[in-house]
Amino acid sequence: MNDKLGDWKRTHRCGELTADLIGQDVCVMGWVQRRRDHGGLIFIDLRDREGIVQLALDPDRDAESHKKAEQIRNEFVVAARGKVSARPEGTVNPKMKTGEVEIEISEMLILNSSETPPFMLDEYTEVAENIRLKYRFLDLRRPALQNNLMLRHLVAKTVRNYLDGEGFIEVETPVLTKSTPEGARDYLVPSRVNVGKFYALPQSPQLFKQLLMVAGFDRYFQIVKCFRDEDLRADRQPEFTQIDCELSFVSRDDVVSVMEGMVAKVFKDAIGVDVALPMPRLTYQEAMDRFGVDNPDMRFDLELINITDLVAGSQFKVFADVAANDGLVKALNAKGCATFSRKELDDLTEFVKIYGAKGLAWVKVTEDGWQSPIAKFFTPAELEALNAKLDAQVGDLLLFMADTPKVANEALGRLRGHLGQKLGLADKSNYKFVWITDFPLLEWDEEENRHVAVHHPFTSPMEEDIPLLDSEPGKARAQAYDLVLNGSEVGGGSIRIHDQAVQSRMFELLGIGNEEAREKFGFLLDALSFGAPPHGGIAFGLDRLMMILTGADSIRDVIAFPKTQKATCLLSDAPNEVAEKQLRELGIRLRSKQN
RNA sequence: GGGGCUGUAGUAGAGUCGGUUACAACGCCGGCCUGUCACGCCGGAGGUCGCGGGUUCAAGUCCCGUCAGCCCCGCCA
């Protein structure tokens, strides 16, 4: 039989009890981390979200509590009153924040018992993730997840305070909204009162925040759930949280500068790190040239070097052919890596194949020159030129990639990131930001045989590139920007189109006809024609930001109730089948399972 | 849609070349213990080797299929 809480009031949280409270009578409540029964003395480590404190139960002081303590097991819920006292000489535990003190218990309640947990709730036990997810409420008791979520709260609070100070107003936008054809797959919600019609859950509040600018709110933000029905990754969940912002009467630099301030404030308040402002910037083109990707990890060099011209005339057919067919030959110099084993080189080759590369050429630079399967194809003059271009020193490992520009950049760029990790150059406590700007506006989609928007269809072209929309739309650049942190895209945004005519032209370029545009985005076009101010914005992925701030390897470790890779919830067992009655009301009939 | 890794007491693991009754640790249960703190000592219980099929005299081990979790490619404006 459990004790009743009655009129007991907690005075402190367990983790708060330190030496300056010695002599005070306190009352704590929490979960039993551990009981150490010495037959006489019993010690209980009591845990709450702030930490652990030791309760000392002496049969000579309070026989009743001591007797109760004998039946206590892990995870029982306990309330205890007593005096904070200094631990006896030689029994201080320097590993604990509360290790100088203990509570001499004079009265104790067992508020609830507990089954034996399926896994130990300590910091030492590693548990398979499916078990952790099934018993998420227990996993969340462990300090690692508690700290992550408490830090997440602190970040959200800091963001709200900062944006409020900068004149932003938080406005909620609909969760039941309209499906948009561009972009990710929508989560759909059938409408009962409009049978046969569907809402979509928002991939982002994009259109609504633009409407708020038209409405004159001037600066908007929202910490908001967004939904994308796409496959999951270590850093991707089907529902995720964005810090979504939009500003009126601003240029790109205005947006960048306000947001840099926010990010710096977050890093200072959350983890005490000073971020140097302004943050560095790279154009998209420069990022691709030097790093092969649009989200470069700036914690290390290992830059990609274009050697297409140097090898175009060489006897090495693989390189020469690629050069002759508008391909790209690029190399990177892994300093001091000539010691790599055959196995390691094979692994690197396997790695680039994931990204569609056919192979990877390597060169170990030795005292006697190139040790490499491809050395024999080059003349001494070519070797000299390559060595000079790549700054090759004895002991270096040169890696070459020849392919279409798309594959060569991506494969070698990813290899660069992989090497950075492998060589220990990607220190988690080193935070390197970079803005990527001047993205292309459009990208040709082979499958759909049309242009698609690189960012989204509401992104404004660069002023000076607007004429290109009629001549060479593929060359037009966008007023778009991404914030990249340690190789991870943590935010992205753009200056939007506020001119109805330009927006119509944009839809045209995307192969969205007039009628379709009216049907899908008529309300936006209408709004733009009623005095839309110049505006732009950005959205940050709060989950990814939290991953970096906490050092988590998985997005699931910064979300209270995450989904598995198959987008299911092992705790609640969602998604589940629903009653036939519910389906009938919605006018939905399921295809039989045989088909 | 595709590639890869993992799956053995409650937990996390070992299990050799296919061969006796599947191991030790932590946890759990019982007993002892008045200064421990991942307490200690003694004793005990606990197994559909993910699931299904196959090969074999014999399968945790080999083969095929399947399920689940994870990582990746595609996908994610």
Side-chain angles (χ1 to χ4, degrees), chain A residues 33-46 52-61 66 70 73-75 85 87-96 98-99 102 104 115-135 138 180-186 203-204 206 226-238 240 350-357 410-411 414 418 439-443 445 447-448 451-459 478 480 482 489 492-494 506 510 512 539 541 553-554 556 563-566 568 570:
Chain A
Q33 177 71 30
R34 201 82 175 163
R35 182 191 58 146
R36 288 179 297 279
D37 186 341
H38 288 247
L41 265 184
I42 294 177
F43 296 105
I44 288 174
D45 288 341
L46 198 67
I52 288 174
V53 71
Q54 174 166 285
L55 314 181
L57 293 111
D58 189 332
D60 301 333
R61 183 171 49 243
H66 182 269
E70 286 179 340
R73 295 294 180 270
N74 287 352
E75 301 310 317
S85 66
R87 293 195 185 184
E89 189 82 34
T91 64
V92 165
N93 185 347
K95 286 184 285 186
M96 292 175 76
T98 63
E102 63 190 9
E104 293 178 345
E115 299 284 327
T116 301
F119 51 88
M120 286 289 285
L121 303 186
D122 57 31
E123 58 198 294
Y124 311 100
T125 308
E126 295 232 354
V127 184
E129 193 152 11
N130 53 341
I131 309 281
R132 290 175 52 200
L133 290 172
K134 180 173 178 186
Y135 297 97
L138 295 179
T180 51
E182 298 281 304
R185 202 174 280 120
D186 286 320
Q203 299 173 25
S204 95
Q206 183 59 36
C226 300
F227 306 85
R228 291 177 192 174
D229 187 3
E230 298 292 349
D231 287 351
L232 290 82
R233 286 286 187 283
D235 62 352
R236 259 163 45 188
Q237 283 269 306
F240 58 100
E350 287 308 306
F351 179 86
V352 296
K353 283 181 179 171
I354 295 171
Y355 303 96
E410 163 136 49
R414 298 291 198 127
H418 179 71
F439 280 84
L441 184 67
L442 302 165
E443 187 177 38
D445 187 316
E447 252 175 55
E448 298 196 38
H451 280 111
V452 295
V454 168
H455 189 54
H456 58 52
F458 321 107
T459 298
D482 278 359
E489 183 203 324
S494 63
M506 186 69 185
L510 294 172
I512 300 173
D553 290 322
S554 162
R556 296 179 297 280
K563 297 201 167 40
T564 68
Q565 197 179 38
K566 284 187 72 185
T568 66
L570 296 179

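Proteins get letters first, then strands, A, B, ... in listed order; numbering begins at 1 in each.
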**OP:** Could you tell me whether the side-chain ring of A/H38 sits stacked on the base of B/C39, using a centroid cut-off under 5.5 Å and a plane angle under 30°?
**Re:**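 Ring-base stacking flag set for A/H38 and B/C39.
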Spacing between [X] atom [atom1] and [N] atom [atom2], to the nearest angstrom:
X: A/H66; N: B/G35; atom1: NE2; atom2: P; result: 12 Å
X: A/E123; N: B/C26; atom1: CD; atom2: C1'; result: 15 Å
X: A/L55; N: B/U36; atom1: CG; atom2: P; result: 17 Å
X: A/E489; N: B/C76; atom1: CD; atom2: P; result: 13 Å
X: A/R132; N: B/U11; atom1: CZ; atom2: P; result: 15 Å
X: A/E75; N: B/C28; atom1: CD; atom2: P; result: 11 Å
X: A/M96; N: B/C37; atom1: CE; atom2: P; result: 12 Å
X: A/L121; N: B/G27; atom1: CG; atom2: P; result: 13 Å

If you check the [X] side chain, which of [options] turns out closest?
X: A/Q565; options: B/G1, B/G35, B/C72; value: B/C72
X: A/Y355; options: B/A38, B/C75, B/C73; value: B/C73
X: A/A234; options: B/C73, B/C72, B/G74; value: B/C72
X: A/N130; options: B/A38, B/U36, B/A68; value: B/A68

(Q) Below the 4.0 Å mark, does B/G27 have OP1 or OP2 next to a side-chain nitrogen or oxygen of A/R34? (A) yes
- Message: Below the 4.0 Å mark, does B/C71 have OP1 or OP2 next to a side-chain nitrogen or oxygen of A/R556?
- Response: yes
How would you label the contact of [X] with the nucleic acid (heavy atoms, under 4.0 Å): base, sugar-phosphate, or nothing?
X: A/R35; result: nothing
X: A/V452; result: nothing
X: A/T568; result: sugar-phosphate
X: A/D122; result: nothing
X: A/E102; result: base
X: A/R73; result: sugar-phosphate
X: A/T459; result: nothing

Query - A/Q237 side chain vs A/R556 backbone, donor-acceptor pair below 3.5 Å - result: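 Between the backbone of A/R556 and the side chain of A/Q237 there is no qualifying donor-acceptor contact (under 3.5 Å).
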hbond_proxy [X] side chain to [N] base (donor-acceptor, 3.5 Å cutoff):
X: A/Q54; N: B/U36; value: yes
X: A/R228; N: B/C76; value: no
X: A/R233; N: B/G74; value: yes
X: A/N74; N: B/G27; value: no

Assign each of A/A453 and A/L232 the nucleotide of RNA chain B bearing its closest heavy atom; nearer the 5' end lies the nucleotide of A/L232
Between A/Q33 and the options A/D45, A/N74, A/V53, the side chain to side chain contact (heavy atoms under 4.5 Å, CB included) test singles out A/D45
Look for any protein N or O under 3.5 Å of an N or O in nucleotides 4-10 of chain B and output each such pair with its distance, or none.
{"unit_1": "B/G10", "atom_1": "O2'", "unit_2": "A/P118", "atom_2": "O", "d": "2.6"}

Margin query: For the C1' atoms, the ones on B/C70 and on B/U55, what distance do you get once it is rounded to whole angstrom?
Written below: 31 Å
Look at the rings of A/H38 and A/F43 and say which category their plane angle falls in: under 30° parallel, 30 to 60° tilted, over 60° perpendicular. perpendicular
